[in-house]
Amino acid sequence: MAFRILLLALLLASACGQDDDPGPSTPPPPTAPSLPAVDIRGADASYIPEIRQSGFKVKNANGQTEDMLATLKNAGVNTIRLRLWHTPAGGHSGMQEVEAFSKEIRDAGLKVWLTVHYSDSWADPGKQTKPDAWKNAGLEALKDSVYQYTKTAVGCIQPDYIQIGNEINSGLLWPEGRIQNAAQMRALLTEGIRAVREHDPGIRIMLHYAGHQQAAWFFDQVKTLDYDLIGLSYYPIWHGKDTTALKTNMTSLANTHNKKVVIAETAHPFTLGWNDYTNNIIGQNDQLLPRFPATAQGQQDFMLTMRGLGTPQYAGFCYWGGEWIAFKGATASDGSSWENQAFWGFDRTALPVLEAFRP
């Protein structure tokens with residue numbers, strides 16, 4: 001009898017383990033909607049070495065302390081853009097720093113996009129000052145300097161993409177390379193291009209123009225040069241608030257010159273506030289596209305729109321200044337003019353804008 005009772009208990013236990021109604025199950029998490037595919041999901045991260053040196057720490061979206069480069073990679077950034085200055089005061093963005101950081105970037109599995117300013121500091125449409133070391137050089141000496149310097153840069157840094165000059169609307173290496181001296185400007189650009197092609201024909205060469213409204217005229221001036229990508233800066237404060245016109249002009253440039261187009265620089269604020277005593281570039285609603293407010297959601301939506309500009313000729317985009325937080329302190333008057341457009345909020349936590357970089 002005891003044996004029968006034990007056998008019955010075992011059978012009942014087995015039956016309980018094979019219940020036909022397992023009950024409600026936890027639904028799988030929702031799948032994030034797919035984003036338009038682009039080759040380049042870039043972020044200019046030139047300030048990271050200096051920020052690391054300062055000891056300033058930031059957090060990822062989960063509130064965990066994490067290095068900026070790791071956060072960018074984990075978010076889906078696949079290309080890091082770095083500026084190169086010839087002989088910068090303080091050494092930041094000079095050859096030694098950029099070479100070391102570019103190796104770290106490549107070791108992390110990311111691509112390197114090198115922006116050669118051919119200056120000791122910022123080069124842009126309003127200034128293209130020759131490096132102090134070249135200040136007395138004439139055209140022929142400048143051509144040789146551009147060739148030798150670019151050859152050294154690509155050998156040391158091994159970029160995947162390279163800009164020959166930064167925002168060269170008005171030319172480069174003034175006065176010899178002003179766009180009014182278009183033949184001389186082309187001669188200088190040609191020497192930089194030649195150095196890259198001789199080192200590695202696989203490096204993608206970009207010419208970079210700030211804006212889009214007058215870009216057709218500029219790229220017509222350089223149509224005989226051997227380059228691969230058309231780079232455009234797009235900031236609504238300077239380049240208009242019509243993204244339809246931007247897309248139309250991008251498509252026209254791509255079709256005219258048979259090249260893909262990249263938004264080489266863009267950004268949007270998550271607030272109109274500030275986090276140090278340095279005046280910010282953006283501080284008013286009328287500087288923005290009206291449909292994208294200065295909020296974390298507005299910043300994310302703006303970048304999703306930049307990603308979605310795509311045509312078959314659209315190669316991708318790069319965010320400028322995402323790392324330029326107020327790392328010098330809350331009272332610094334020489335701090336960041338861009339901290340309200342960064343990837344990290346004033347609480348040092350990564351913002352939702354990084355969703356726009358998801359693969």
Side-chain angles (χ1 to χ4, degrees), residues 32-33 35-36 41-48 51 56 58-63 68 71-72 75-77 81 122 124 167 210-213 232-247 263-309 316-358:
L35 298 175
R41 303 186 303 278
D44 195 304
S46 299
Y47 276 111
I48 285 182
I51 293 169
F56 196 95
V58 295
K59 297 174 284 187
N60 61 24
N62 296 321
M68 283 182 163
T71 298
L72 295 177
V77 171
R81 184 177 184 257
W122 303 104
D124 55 44
E167 294 189 330
H212 64 96
Q213 297 99 326
L232 303 176
S233 295
Y234 178 63
Y235 300 105
I237 183 176
W238 296 303
H239 307 134
K241 299 175 184 178
D242 187 345
T243 56
T244 300
L246 170 64
K247 184 172 181 177
I263 296 296
E265 291 186 23
T266 194
H268 186 84
F270 61 87
T271 178
L272 295 180
W274 58 90
N275 201 29
D276 61 16
Y277 285 180
T278 306
N279 288 334
N280 287 339
I281 300 294
I282 298 292
Q284 299 176 187
N285 282 315
D286 62 5
Q287 297 170 319
L288 309 177
L289 285 165
R291 68 182 184 276
F292 300 116
T295 63
Q297 187 64 55
Q299 183 187 44
Q300 181 189 49
D301 289 344
F302 175 84
M303 284 310 301
L304 289 171
T305 297
M306 290 298 99
R307 179 162 180 170
L309 285 172
F317 61 94
C318 180
Y319 196 99
W320 195 89
E323 86 288 20
W324 197 12
I325 52 180
F327 67 93
K328 293 185 178 181
T331 60
S333 58
D334 63 342
S336 174
S337 60
W338 212 264
E339 81 272 19
N340 66 327
Q341 300 189 71
F343 288 149
W344 287 267
F346 294 170
D347 64 353
R348 306 189 184 193
T349 302
L351 293 164
V353 63
L354 289 170
E355 168 69 13
F357 296 82
R358 181 167 49 80

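- Between Y47 and F56, the distance separating the two ring centers is not shorter than 6.0 angstrom.
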- Message: With side-chain contact (heavy atoms from CB on, under 4.5 Å) as the criterion, how do T71 and K59 come out once you've worked through the C-alpha distance, each side chain's angles and the decisive distance to 0.1 Å?
- Response: CA-CA 8 Å; T71 298; K59 297 174 284 187; over 6 Å; no

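- For P236, the side-chain contact (heavy atoms from CB on, under 4.5 Å) partners two or more places apart in sequence, or in a different chain, are Y234, K241, L289, F302.
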- Passes side-chain contact (heavy atoms from CB on, under 4.5 Å), T305 versus F292? Steps please. CA-CA 10 Å; T305 297; F292 300 116; 3.2 Å; yes

- Mind running side-chain contact (heavy atoms from CB on, under 4.5 Å) on W344 and M68 for me, showing each step along the way? CA-CA 9 Å; W344 287 267; M68 283 182 163; 3.6 Å; yes

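- With sequence neighbours excluded, the residues satisfying side-chain contact (heavy atoms from CB on, under 4.5 Å) with Q213 are H239.
- For Y277, the side-chain contact (heavy atoms from CB on, under 4.5 Å) partners are T331, not counting sequence neighbours.
- The heavy-atom pair separating A264 from C318 by the smallest distance is O-CB, 3.4 Å.
- F343 contributes atom CZ, which lies 12.0 Å from atom CD1 of I325 (distance to the nearest 0.5 angstrom).
- Summarising the geometry, atom CD1 belonging to I281 is positioned 5.0 Å from atom CH2 belonging to W238; distances are rounded to the nearest 0.5 Å.
- The distance from atom OG1 of T243 to atom NE2 of H212, rounded to the nearest 0.5 Å, is 9.0 Å.
- Here D334 pairs with K328 under the salt bridge (Lys or Arg N to Asp or Glu O under 4.0 Å) rule; sequence neighbours left out.
- At most 12 non-hydrogen atoms from other residues, nucleotides or ligands lie less than 6.0 angstrom from CG of N279.
- The main-chain N or O of T295 is never found under 3.5 Å from a side-chain atom of H268 such that the two would form a donor-acceptor pair.
- Between the CZ atom in R307 and the OH atom in Y319 there is a gap of 15.5 Å [rounded to 0.5 Å].
- Nearest heavy atom pair, residue F317 against residue M303, reads CD1-CE, 3.6 Å.
- In this view, F270 and F346 satisfy the ring-ring contact (aromatic ring centres under 6.0 Å, His included) rule, not counting sequence neighbours.
- Between the N340 side chain and the T271 main chain, a donor and an acceptor come within less than 3.5 Å of each other.
- Closest non-hydrogen pair, S46 versus R81, comes out as OG-O, 3.7 Å.
- S336 places no side-chain N or O within 3.5 Å of a backbone atom of F327 that could act as its donor or acceptor partner.
- Between Q341 atom CD and L351 atom CG the span is 12.0 Å, to the nearest 0.5 Å.
- Remark: R358 pairs with E355 by the salt bridge (Lys or Arg N to Asp or Glu O under 4.0 Å) rule, at least two apart or across chains.
- For W274, the CH2 atom sits in a loose shell: 12 or fewer heavy atoms of surrounding residues, nucleotides or ligands are nearer than 6.0 Å.
- For the atom pair Q284 CD and I237 CD1, the distance stands at 8.0 Å (nearest 0.5 Å).
- A donor-acceptor pair is defined here as one N or O able to donate and one able to accept, closer than 3.5 Å; such a pair exists between the side chain of D242 and the backbone of T244.
- Closest of all the heavy-atom pairs between N275 and E339 is N-OE2, 2.6 Å.
- The two residues L72 and A43 come nearest to each other via the heavy atoms CD1-CB, 4.4 Å.
- Across all non-hydrogen atoms, the minimal contact from L272 to G283 is CD2-C, 3.8 Å.
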